[in-house]
Amino acid sequence: MKKKIIVLGILVWLIIMFILSIQSPKGTSELTYFLKKSLLRLLQLDWNEGKKYWWFEIGHLRKIAHSIEYFALGMFVAVLTRKRKIWFPIVTCFLISILDQLIKGIIPTREFDVTDLPFDFIGYFGGIVIVYLVCFIVRSIKNQKNSISQRCLCKR
């Protein structure tokens, strides 16, 4: 059951990513400006104050959004494949990232942007590493508890 929910989460996230990939340049710009205005409002900054920070520039904001988008994907894929070697979710996310760019490359109003790939990597690699670290810590705690309980049983 858990695996089906994770697969469903990945599919929903991939659909969202696909919708964002086929979005028109106008739609992408509107979404980016909406994100910028929302972040400025959240941080209680006005438009001119936002100009002081490099991450509020539209180009940078889009790259950061790529990292966030792929961070979530990396976490989903890592949770699904956490019992495999770490390279498996990395390769899976890399292939999805390439496919995303290829889709953009065939859409007349979009383009294959190789500069998105490092930001995608930063996102999915970060998500994967966090999931694997949490799994490692949980396993270590469980092993430590088992070791303590076995020592207690031996003393009796």
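These figures come from a predicted structure and were not determined experimentally.
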Self-check item: Sub-4.5 Å side-chain heavy-atom contact between Leu20 and Asp100
Solution: no
Quiz item: So do the side chains of Phe119 and Ile64 get within less than 4.5 Å of each other, counting heavy atoms only?
Solution: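 No; the side chains remain at least 4.5 Å from each other.
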Self-check item: Contacts of type side-chain contact (heavy atoms from CB on, under 4.5 Å), residue Ile22, not counting sequence neighbours
Solution: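 Phe18, Ile103, Ile107.
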Exercise. Using the test side-chain contact (heavy atoms from CB on, under 4.5 Å), find all partners of Ile96 that sit at least two apart in sequence or belong to another chain.
Key: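 Leu14, Met17, Tyr70, Leu73, Thr92.
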Would a single hydrophobic cluster contain both [Y] and [X], if residues Ile, Leu, Val, Met, Phe, Trp and Tyr are joined by side-chain heavy-atom contacts under 4.5 Å?
X	Y	answer
Phe88	Leu99	no
Ile122	Phe76	no
Leu95	Trp13	yes

Quiz item: If only atom types and distance count, is the side chain of Ser97 paired as donor or acceptor with the main-chain N or O of Leu117 below 3.5 Å?
Solution: no
Using a 3.5 Å cut-off and no angle test, enumerate the donor-acceptor pairs between side-chain atoms of residues 24-32 and protein atoms at least two apart in sequence or in another chain.
from: Ser24; atom 1: OG; to: Gly27; atom 2: N; distance (Å): 3.0
from: Thr28; atom 1: OG1; to: Gln23; atom 2: OE1; distance (Å): 3.4
from: Thr28; atom 1: OG1; to: Ser24; atom 2: O; distance (Å): 3.1
from: Ser29; atom 1: OG; to: Pro25; atom 2: O; distance (Å): 3.1
from: Ser29; atom 1: OG; to: Arg62; atom 2: NH2; distance (Å): 3.1
from: Thr32; atom 1: OG1; to: Thr28; atom 2: O; distance (Å): 2.8
from: Thr32; atom 1: OG1; to: Arg62; atom 2: NE; distance (Å): 3.2

Quiz item: To which residues is Ile15 joined in a hydrophobic cluster, defined by side-chain heavy-atom contacts under 4.5 Å among Ile, Leu, Val, Met, Phe, Trp and Tyr, whether direct or through other members?
Solution: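 Result for Ile15 is Ile19.
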Quiz prompt | Heavy-atom closest contact (Gly74 atom, Cys93 atom, distance) | solution = CA-SG, 3.8 Å
Quiz prompt | Partners meeting ring-ring contact (aromatic ring centres under 6.0 Å, His included) with Phe94 (sequence neighbours left out) | solution = none
Side-chain atoms of residues 124-139: list all donor-acceptor pairs with protein atoms under 3.5 Å, sequence neighbours left out, distances to 0.1 Å.
from: Tyr132; atom 1: OH; to: Thr81; atom 2: O; distance (Å): 3.1
from: Tyr132; atom 1: OH; to: Arg84; atom 2: O; distance (Å): 3.1

Quiz item: Listed by chain and number, what are the salt bridge (Lys or Arg N to Asp or Glu O under 4.0 Å) partners of Lys83, not counting sequence neighbours?
Solution: none
Quiz prompt | Residues that Glu111 engages under salt bridge (Lys or Arg N to Asp or Glu O under 4.0 Å), provided they are two or more places apart | solution =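 Applying salt bridge (Lys or Arg N to Asp or Glu O under 4.0 Å) to Glu111 gives none.
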Quiz item: How would you list all residue pairs meeting salt bridge (charged side-chain N to carboxylate O under 4.0 Å, His left out) that involve residues 113-137, not counting sequence neighbours?
Solution: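 Salt bridge (charged side-chain N to carboxylate O under 4.0 Å, His left out) check on residues 113-137 returns Lys63-Asp113, Lys63-Asp116, Lys104-Asp116.
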Quiz item: In Å and rounded to the nearest 0.5 Å, what is the CD to CZ distance from Gln101 to Arg110?
Solution: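 Reported to 0.5 Å precision, the distance equals 8.5 Å.
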